[in-house]
2 protein chains.
Amino acid sequence: MVERNLDTTFTALADPTRRAMLAALSTGEKSIGELAAPHAMSFAGASKHVGVLVRAGLVRRRKVGRQQVCTLEAAPLRDAEQWLRRWEGFWTHRLDALEAALNEKPQ
Amino acid sequence: MVERNLDTTFTALADPTRRAMLAALSTGEKSIGELAAPHAMSFAGASKHVGVLVRAGLVRRRKVGRQQVCTLEAAPLRDAEQWLRRWEGFWTHRLDALEAALNEKPQ
DNA sequence: GGGTTATAAAACCACATGGTTGACCATGTC
DNA sequence: GACATGGTCAACCATGTGGTTTTATAACCC
């Protein structure tokens with residue numbers, strides 16, 4: 001369950017339009033129209049981006065009147081973050097070593 | 001500098017072969033042949049995956065004799081992790097709320 | 001009912017991606 | 001020099017992606 005979803009989660013995150021949409025949703029629910037508005041792009045194009053987010057499980061849609069209201073679903077983000085955190089110790093070591101090397105030989 | 005690289009970082013992470021290669025590199029340097037071996041895939045195909053990781057700044061290559069030795073470069077992983085962590089508070093709230101709701105109405 | 005609003009769905013285009021194979025180029029070994 | 005090894009590069013194929021436009025549908029307003 002984890003590994004499979006990482007594919008679609010990271011794919012969904014690999015686009016700046018979609019990351020911006022997630023950021024917009026972090027301040028509260030938005031209709032698809034509201035999500036689309038800030039992006040210089042056709043409505044249909046933006047709607048497809050929302051579809052990618054929904055398929056990745058990052059967004060839930062529900063119909064309210066004639067609008068689709070979207071809410072952020074953070075669980076897959078947490079999974080992705082946990083996967084990345086496996087390297088936390090590693091990268092802090094490396095960066096500390098780099099910094100030490102720079103201090104030692106200040107050129 | 002940050003936003004632009006997130007695209008290529010997340011794209012690089014969106015493939016299980018490449019994630020496995022990063023995991024392999026976390027235990028130490030590996031030649032491209034060693035990285036390719038575990039994957040049922042042509043050598044050239046695996047080499048292309050390594051190329052994606054290099055272009056994303058996640059891996060450095062250097063020539064040693066007739067081999068290319070690869071090392072993990074963790075900094076972009078840290079950037080991606082930091083981006084995801086922006087939602088940390090959000091998802092813990094949501095999940096706490098979900099848990100509370102489940103406890104309150106145990107069905 | 002008729003018009004407007006919010007969205008979906010489909011067809012299409014250009015380009016990127018993941019994979020292959022085959023030719024090629026170094027480097028090391030005999 | 002001859003040959004194997006480690007790897008790159010280019011061409012190719014199928015499929016996916018990001019975008020468009022057009023058409024359709026469902027809900028609301030008058």
Side-chain angles (χ1 to χ4, degrees), chain A residues 3-25 28-72 76 80, chain B residues 3-25 28-72 76 80:
Chain A
E3 269 295 319
R4 177 69 201 127
N5 285 349
L6 283 176
D7 279 24
T8 58
T9 302
F10 281 131
T11 299
L13 292 177
D15 184 282
T17 301
R18 291 193 290 263
R19 288 199 302 276
M21 286 178 167
L22 291 178
L25 285 177
E29 302 187 326
K30 299 260 183 304
S31 73
I32 295 197
E34 289 171 315
L35 286 176
H39 304 285
M41 177 186 310
S42 72
F43 193 98
S47 177
K48 280 172 74 171
H49 279 298
V50 174
V52 173
L53 292 169
V54 169
R55 257 169 273 123
L58 288 161
V59 162
R60 256 182 313 171
R61 252 183 313 201
R62 69 174 196 282
K63 200 160 187 179
V64 173
R66 60 184 155 181
Q67 327 200 61
Q68 292 270 2
V69 174
C70 299
T71 62
L72 182 58
Chain B
E3 269 295 320
R4 177 69 199 129
N5 284 349
L6 283 176
D7 279 24
T8 59
T9 303
F10 281 130
T11 299
L13 293 177
D15 183 283
T17 301
R18 291 193 289 265
R19 289 199 302 276
M21 285 177 169
L22 291 178
L25 284 176
E29 301 188 326
K30 297 259 183 304
S31 74
I32 297 200
E34 289 171 316
L35 286 176
H39 305 285
M41 176 186 310
S42 72
F43 196 98
S47 176
K48 279 170 75 170
H49 279 298
V50 174
V52 172
L53 292 170
V54 169
R55 256 169 274 125
L58 289 161
V59 163
R60 257 182 312 170
R61 252 185 313 200
R62 69 175 195 283
K63 200 162 185 179
V64 173
R66 58 185 158 186
Q67 327 199 62
Q68 293 268 2
V69 174
C70 299
T71 63
L72 182 59

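Naming convention: chains lettered A, B, ... in sequence-line order (proteins, then strands); numbering from 1 in each chain.
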Item to check | Closest to side chain of Ser42(A), choosing from dT20(D), dT7(C), dG19(D) | outcome: dT20(D)
Checklist entry - With respect to the side chain of Met41(A), which nucleotide from dG18(C), dG19(D), dA8(C) is positioned closest? => result dG19(D)
Checklist entry - So, does Thr11(B) use its side chain to make a donor-acceptor pair with the main chain of Asp7(B) at under 3.5 Å? => result yes
Checklist outcome for this item: Side-chain atoms of Thr11(B) come closest, of dT17(C), dA11(C), dA6(C), to dT17(C)
Checklist entry - Can you tell me if the side-chain N/O atoms of His49(A) get under 4.0 Å from OP1 or OP2 in dG19(D)? => result yes
Checklist outcome for this item: Between Val64(A) and Val69(B), whichever has its closest DNA chain D nucleotide further toward 5' is Val69(B)
Checklist entry - Atom CG of Asp15(A) and atom C1' of dT17(D): how far apart are they, to the nearest Å? => result 9 Å
Checklist outcome for this item: Test side-chain contact (heavy atoms from CB on, under 4.5 Å), reference Leu35(A), set Leu22(A), Thr17(A), Leu25(A), output is Leu25(A)
Item to check | Atom pair distance, as rounded to whole Å: NZ in Lys63(B) and C1' in dT5(D) | outcome: 12 Å
Checklist entry - Is there a donor-acceptor contact under 3.5 Å from the side chain of Arg62(A) to the main chain of Val69(A)? => result no
Item to check | Length of the CZ-P vector between Phe10(B) and dT17(C), whole Å | outcome: 17 Å
Next on the checklist: Side chain of Phe43(A), heavy atoms from C-beta onward: which of dG18(C), dA6(C), dG6(D) has the nearest atom to it?
Outcome noted: dA6(C)
Item to check | Rounded interatomic separation in angstrom, taking CZ from Arg62(B) and C1' from dA26(C) | outcome: 18 Å
Checklist entry - Contact class for Ser47(A) (heavy atom, under 4.0 Å): base, sugar-phosphate, or nothing? => result sugar-phosphate
Item to check | Closest listed nucleotide, where the reference is the side chain of Gln68(A) and the choices are dG18(C), dA8(C), dG7(D) | outcome: dA8(C)
Checklist entry - So what does Thr17(B) touch, heavy atoms closer than 4.0 Å: a base, only the sugar-phosphate, or nothing? => result nothing
Checklist entry - Where the side chain of Arg66(B) is concerned, which of dT7(C), dT5(D), dT4(C) is the nearest nucleotide? => result dT5(D)
Next on the checklist: Heavy atoms only, 4.0 Å cut-off, all strands: where does Gly45(B) land among base, sugar-phosphate and nothing?
Outcome noted: base
Checklist entry - When the distance from NE2 of His39(A) to C1' of dT20(D) is rounded to whole Å, what number comes out? => result 17 Å
Checklist outcome for this item: Separation of dT17(C) atom C1' from Arg18(B) atom CZ, nearest Å, is 8 Å
Next on the checklist: Distance check needed: dA26(C) C1' versus Gln67(B) CD, whole Å only.
Outcome noted: 13 Å
Checklist entry - What's the CZ-P distance between Arg61(B) and dA26(C), to the nearest Å? => result 16 Å
